[in-house]
Each structure stands twice: as structure tokens, then as C-alpha cells.
**Q** 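Below: one structure in C-alpha cells.
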Amino acid sequence: MSSTSDVQQATPQPLDASKLIYTLADSPRDVPDPATSCAGDTTICTDHMILATWSATTGWSAPKLKPYGPLSIMPAASCLHYATECFEGLKAYRGSDGKLRVFRMEHNAARLQMSCNRISLPTVDTDQLIQLVHALLAVDGPKWLPEDQAGEFLYIRPTVIGTQSNLGVQAPRSAMFYIIMGYVARVDAVPGGMKLLTSPDNMVRSWVGGFGHAKVGANYGPSVIASQEASREGFHQILWLYGEDGECTEAGGSNFFVVWERKGDKQKELVTAPLDDRLILDGVTRRSCLELVRERLGGELEITERKFTINEVIEAAAEGRLLESFSVGTMWFVTPVSHIRHRGYDIKIPMGEQGEMGEVTGKLKGWLGDIMYGGVEHSWATVVSEKRA
Ligand SMILES: *Cc1c(COP(=O)(O)O)cnc(C)c1O
């Protein structure tokens with residue numbers, strides 16, 4: 001007969017946010033002034049982080065909220081060799097009413113599960129993830145994003161890594177989940193709009209059957225070489241093309257849209273790459289833009305998720321049918337695209353009457369900003385309840 005404790009040991013424990021153990025920082029750090037918070041080479045993170053470990057036999061440890069600091073993992077840990085690493089990116093927004101809000105976090109949580117599954121890591125329960133993000137924001141939000149900084153944000157990075165110290169390529173039997181947060185620069189205000197350079201012929205970001213749809217670290221490191229080249233030539237991001245026909249997929253780490261008058265019937269159409277071939281990330285911002293346009297501009301603007309090629313964009317521009325273009329994501333928010341260079345050919349994209357952005361781009365940016373910063377009440381934004389010192 002087995003004792004109760006034997007039975008417990010045999011059952012891997014689920015992640016349980018209610019067991020969170022608090023160890024607060026002894027020497028909290030100074031908050032940088034907003035002007036310099038993103039100026040250095042190192043991302044400035046808040047005082048604390050959340051961390052839980054997992055093993056295939058015991059399951060999840062009780063999560064800890066503890067001072068931000070180095071991790072201890074073995075040099076043979078699988079994340080360091082076989083890219084068993086995935087992450088999420090979301091923001092907390094300080095509203096005009098002084099409240100802190102998160103935006104549709106359940107979608108980030110679901111996507112993290114998908115990413116974990118794709119690289120054989122244990123999944124993090126969506127509700128527990130959400131509770132743990134709230135717990136971290138409750139502690140560090142008031143200090144690191146004070147009430148008087150309406151319109152500012154903190155970037156939140158939940159991460160899962162395989163930590164099993166074994167050089168065999170296999171599903172990790174131990175892993176770590178952590179959440180850090182810190183400052184990232186505001187990049188959506190690009191004077192004159194964003195300039196994109198199409199990806200070189202000999203490089204792809206993702207491929208059918210690959211993992212471009214997952215937020216796994218393995219997608220990002222290898223893309224930097226192309227971005228560096230773009231940056232040297234004065235462009236902000238790479239427009240990643242795919243296949244013989246040059247299908248437009250994503251702009252760097254953001255989802256890419258065009259608004260044009262459709263060839264033939266001249267219907268005004270919002271076009272973006274589809275999700276079904278799993279080449280692109282199912283962005284929360286992408287989804288939100290599509291839903292808002294469907295709800296609020298449905299009468300005038302048709303929405304089409306389909307493959308579209310760079311030659312279609314060139315043709316639309318040449319025929320005066322290209323109306324606007326923008327790129328969206330948590331990092332880039334909604335940023336107008338004014339210029340695309342493809343194999344030395346320059347596509348100029350209209351930027352609206354004031355030269356700042358097109359009409360649809362401006363509306364989406366305004367609507368989403370209002371939701372995120374509490375200008376309007378909306379079910380997509382959730383207020384964080386903060387611990388006041
Ligand atoms: C994260 C990411 C996006 C944007 O997704 P959001 O959920 O809107 O932040 C788009 N493309 C890639 C490749 C990404 O990594």
C-alpha cells in the first residue's frame with residue numbers, strides 16, 4: 001500500500017499561481033528617467049521577476065516572485081544548444097485615468113502554449129500565466145510605471161526554456177518558466193513612415209512545414225543579418241517574401257497590411273497574409289485590427305486574408321490603386337509604411353493628407369490606443385489591481 005505522500009510524488013504538479021512565494025528585493029533600484037530608459041545597451045528591467053521550474057516527474061514548482069537577476073543553468077542545458085526556447089511579448093499601458101491595463105493577454109497565453117508544444121516544452125496554463133503577470137505588475141507597476149506617466153508602457157516577456165543538462169537531442173525533462181518586464185523604446189512614431197527593404201533572394205524567415213507561426217527564439221537570431229543590411233541602407237525593417245512569386249508575409253517582427261483598390265471592380269480592400277499555411281505569427285494586434293475593421297468599417301472596406309505578392313503591390317502602386325500600408329504588433333503598435341524597396345525598385349505609398357499616415361492606419365491606431373490607454377471602456381483591456389506602497 002502506498003502512502004499519501006508517495007501518491008503525491010507520483011503526480012506531476014500543475015503550475016499554481018496561488019502558491020506564489022514573495023521574496024522582495026532588499027535593494028530596489030532607481031527608476032531611470034523616461035528619456036534615458038531605453039538609451040543604453042542593456043534592457044532595464046524592473047526590480048522583480050517571476051520564476052517557476054518544471055520537471056517531468058514532479059511537475060511545476062511553486063512559482064516565486066523574486067529580485068530580477070541572473071539565472072543558473074548548466075552549460076549543457078538544451079535551450080543553449082537546441083533552441084528549446086519560446087517567449088511572448090505584451091505590454092502594460094498606463095492610462096489617462098492613472099490605471100494600468102493589459103490587452104487581450106489570453107491570446108498571448110494561448111500562443112505561448114502553442115509555441116511550447118512546437119518545441120516539446122511543457123505548457124504553461126493560460127489562467128496561471130495571466131495571474132502571474134498580474135502579480136508581477138501589482139508589485140512593480142506603481143514604481144516602474146507611475147500613475148503620472150499616462151501614455152507610457154512596460155514591456156512584459158514571459159519565457160520558457162528547456163534546462164535539461166543533456167547533449168542528446170530530445171524533449172527536455174526539465175524546464176524553466178519566467179516573466180521579466182522592462183523598458184523598450186517607442187518605435188511607432190517613425191517620421192515620414194516606415195521604410196521596408198524586401199528580403200534577399202537567398203533568405204527566408206519561415207517556410208511551409210516550419211515554425212514561423214510560433215514565437216520561438218530560433219526564428220529571430222538568424223533574421224538579424226538581413227535586418228542589419230536593411231538598416232545599413234537606411235531601412236527600418238525587412239519585408240519578408242516567400243516563394244517563387246514573392247508573397248508578402250511579415251515586416252520584421254510585425255504583421256504587414258496593405259489597403260488598395262482591388263484590380264477590376266475597384267473595391268477598397270484591406271489585405272494581409274493568411275494564417276493557414278503557418279508562415280506568419282498570429283499576432284494579437286493583427287487579429288484586433290481585423291476585428292475592428294470588420295466591426296467598424298465593414299461597409300466600405302473589404303477584408304481579405306490571402307496570399308499576395310510584391311508584384312501585385314508594385315502593380316497597384318503603378319496604377320495608383322495602392323492607398324496605404326502599415327505594419328502592426330505589440331512592439332511596433334500600428335506604424336505606417338511609406339516606402340518599400342524591392343530589388344532596387346522603389347514603391348512609394350501614400351501617407352494621407354497630412355503626410356503622417358493613411359486613413360485606415362490612423363483610425364486603427366486611434367481606436368487601439370483608446371482601448372489600451374483607457375480612453376474608452378472595452379472588453380479587450382483589463383485593469384491591473386496594483387499594490388500601493
Ligand atoms: C510577436 C510577433 C508579431 C506581432 O504579434 P503581436 O501579438 O501583435 O505582438 C508579428 N510577427 C512576428 C514574427 C512576431 O514575432
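We count ligands from 1, going down the list as the structure has it; atoms in each ligand are counted the same way.
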**Q** Do any heavy atoms of Arg111 fall under 4.0 Å from ligand 1?
**A**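 The answer is yes, since Arg111 has a heavy atom less than 4.0 Å from ligand 1.
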**Q** Is the shortest distance from a heavy atom of Tyr220 to ligand 1 less than 4.0 Å?
**A**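 Checking ligand 1 against Tyr220, which is what was asked, there is a heavy-atom contact under 4.0 Å.
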**Q** Verify the distance criterion only: is there a donor paired with an acceptor across the side chains of Asn311 and Thr309 at less than 3.5 Å?
**A**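 Absent: no donor and acceptor within the cut-off.
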**Q** I need the contact type for Arg205 against ligand 1. Using non-hydrogen atoms and a strict under-4.0 Å cut-off, is it side chain, backbone, both or neither?
**A**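 Side chain only; the backbone of Arg205 stays clear of ligand 1.
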**Q** Backbone N or O of Leu136 within a donor-acceptor pair of the Asp140 side chain at under 3.5 Å?
**A**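 Here the side-chain-to-backbone pair does not exist.
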**Q** Scan side-chain atoms only and decide if Thr304 and Glu269 contain a donor-acceptor pair under the 3.5 Å cut-off.
**A**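 A pair is found: one side chain offers a donor N or O, the other an acceptor, under 3.5 Å apart.
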**Q** Indicate if Ile280 and Phe308 have the same hydrophobic cluster label, given that clusters are the connected sets of ILVMFWY residues with side-chain heavy-atom separations under 4.5 angstrom.
**A**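 No, separate clusters.
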**Q** Of the side chain and backbone of Met331, name the one, both, or neither that has a heavy atom under 4.0 Å from an atom of ligand 1.
**A**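 Under 4.0 Å from ligand 1, Met331 contributes no heavy atoms.
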**Q** Name the closest protein heavy atom to atom 2 (C) of ligand 1, giving the residue it belongs to and the distance to 0.1 Å.
**A**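 Of every protein heavy atom, Lys215 NZ, 2.6 Å lies nearest to atom 2 (C) of ligand 1.
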**Q** How far is atom 8 (O) of ligand 1 from its nearest protein heavy atom, and which residue and atom is that?
**A**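 Answer, as residue, atom name and distance: Thr285 OG1, 2.6 Å.
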**Q** Would Thr330 count as being in polar contact with ligand 1, using the rule that some N or O on each side must be under 3.5 angstrom apart?
**A**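 By distance alone, the answer is yes.
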**Q** Among protein heavy atoms, which lies nearest atom 11 (N) of ligand 1, and at what distance?
**A**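 For atom 11 (N) of ligand 1, the nearest protein heavy atom is Glu250 OE1, 2.4 Å.
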**Q** Decide whether an N or O pair under 3.5 Å exists between Gly329 and ligand 1.
**A**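 No: no nitrogen or oxygen of Gly329 is under 3.5 Å from one in ligand 1.
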**Q** Examine Arg286 against ligand 1 and note whether any of their N/O atoms are separated by less than 3.5 Å.
**A**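 Such a contact does not occur with ligand 1.
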**Q** Quick one: look at Leu281 and ligand 1, take heavy-atom pairs under 4.0 Å, and tell me if it's side chain, backbone, both or neither.
**A**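 Answer for Leu281: side chain.
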**Q** Do the two ring centres, one from Tyr220 and one from Phe87, sit under 6.0 Å apart?
**A**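 Yes - the distance between ring centres of Tyr220 and Phe87 falls below the 6.0 Å cut-off.
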**Q** Is the closest basic N to carboxylate O distance between Lys307 and Asp245 below 4.0 Å?
**A**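 So Lys307 does not pair with Asp245 through a salt bridge.
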**Q** Cation over ring, Lys91 on Tyr155, under 6.0 Å and within 45°?
**A**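 The answer is no, since Lys91 fails at least one limit relative to Tyr155.
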**Q** To check your reading of the model: name the closest protein heavy atom to atom 3 (C) of ligand 1, its residue, and the distance in Å.
**A**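 Closest protein heavy atom to atom 3 (C) of ligand 1: Gly253 O, 3.3 Å.
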**Q** Flag the pair Glu250 and Arg205 as a salt bridge only when some basic side-chain nitrogen lies within less than 4.0 angstrom of an acidic carboxylate oxygen.
**A**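 Salt bridge flag = yes for Arg205 with Glu250.
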**Q** Are any of the N or O atoms of Asn255 closer than 3.5 Å to those of ligand 1?
**A**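 For ligand 1, there is no N or O atom that lies under 3.5 Å from one belonging to Asn255.
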